[in-house]
**Student:** 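The structure's right below; bear with me while I get my questions together.
Just so we're clear, the structure is a prediction, and the values are computed from it rather than from any experiment.
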Amino acid sequence: MNLLQKLFGGLSAQPQKRYYSFHVKCLRCGEIIEGRVDLDNDLSVEYESNRDVYYARKVLMGDNKCFQRMEVELKFSSTRELLEQHVTGGEFC
Ligand SMILES: [Zn+2]
């Protein structure tokens, strides 16, 4: 390995926009819907006693055969690790 390879070979690629993807299954019709949270733009910060946490809320709906709305709430740490997840009207799968 030459010097240039040593200098540049270990660098990881450009940081990418970070998304958190998840799937929920509609409790009414069983359809599985993918949702995606933009970790740069969709999070709102809230302050807990000893830390900052980040919330994302999404409302998902399947195709037009079923009008069940699934409300997804995700909670992330400051390092964007998922801490908690809740969904009403569906379930994570
Ligand atoms: Zn449905």
**Student:** Apart from Tyr55 itself, what residues make up its hydrophobic cluster when side-chain heavy atoms of I, L, V, M, F, W and Y under 4.5 Å apart count as a link, directly or indirectly?
**Tutor:** Val53, Leu83
**Student:** Salt bridge (Lys or Arg N to Asp or Glu O under 4.0 Å) between Lys75 and Glu81: does it pass, once the steps are laid out?
**Tutor:** CA-CA 8 Å; Lys75 183 164 130 183; Glu81 279 177 85; over 6 Å; no
**Student:** Mind checking what makes side chain to side chain contact (heavy atoms under 4.5 Å, CB included) contact with Arg80, not counting sequence neighbours?
**Tutor:** Arg18, Leu39, Leu43, Tyr54
**Student:** For Arg69, I'd like to know if atom CZ has over 12 heavy atoms of other residues, nucleotides or ligands within 6.0 Å.
**Tutor:** no
**Student:** How many angstroms lie between atom SG of Cys66 and atom CZ of Arg28, to the nearest 0.5 angstrom?
**Tutor:** 5.0 Å
**Student:** In Å and rounded to the nearest 0.5 Å, what is the CE to CE distance from Met61 to Met70?
**Tutor:** 9.0 Å
**Student:** Going from CD on Gln68 to SG on Cys29, what distance comes out if it is rounded to the nearest 0.5 angstrom?
**Tutor:** 8.0 Å
**Student:** Hydrophobic clustering (ILVMFWY, side-chain heavy atoms < 4.5 Å, transitive) - are Tyr19 and Ile32 grouped together?
**Tutor:** no
**Student:** Looking only at non-hydrogen atoms, find the nearest pair between Ala56 and Val37 and report the distance.
**Tutor:** CB-CG1, 3.7 Å
**Student:** Find out if a path of hydrophobic residues (ILVMFWY) with successive side-chain heavy-atom gaps under 4.5 Å connects Ile33 to Phe92.
**Tutor:** yes
**Student:** Supply the atom-to-atom distance Glu31 CD to Cys26 SG, rounded to the nearest 0.5 angstrom.
**Tutor:** 7.0 Å
**Student:** Rounded to the nearest 0.5 Å, what separates atom NZ in Lys25 from atom CD in Glu91?
**Tutor:** 5.0 Å
**Student:** Measuring from atom NE2 of His86 to atom OG1 of Thr88, what distance do you get when rounded to the nearest 0.5 angstrom?
**Tutor:** 10.5 Å
**Student:** Can you list the residues that meet the salt bridge (charged side-chain N to carboxylate O under 4.0 Å, His left out) rule with Asp42, with sequence neighbours excluded?
**Tutor:** Lys58
**Student:** Would you call Gln85 and Tyr20 a side-chain contact if the rule is heavy atoms closer than 4.5 Å?
**Tutor:** yes
**Student:** Tell me whether Val87 is reachable from Phe67 by hopping between hydrophobic residues (I, L, V, M, F, W, Y) whose side-chain heavy atoms are closer than 4.5 Å.
**Tutor:** no
**Student:** Evaluate side-chain contact (heavy atoms from CB on, under 4.5 Å) for Phe22 paired with Leu82, printing each intermediate quantity in order.
**Tutor:** CA-CA 11 Å; Phe22 57 90; Leu82 186 67; over 6 Å; no
**Student:** Check Glu46 with Arg51, please: is the shortest side-chain N to carboxylate O separation under 4.0 Å?
**Tutor:** no
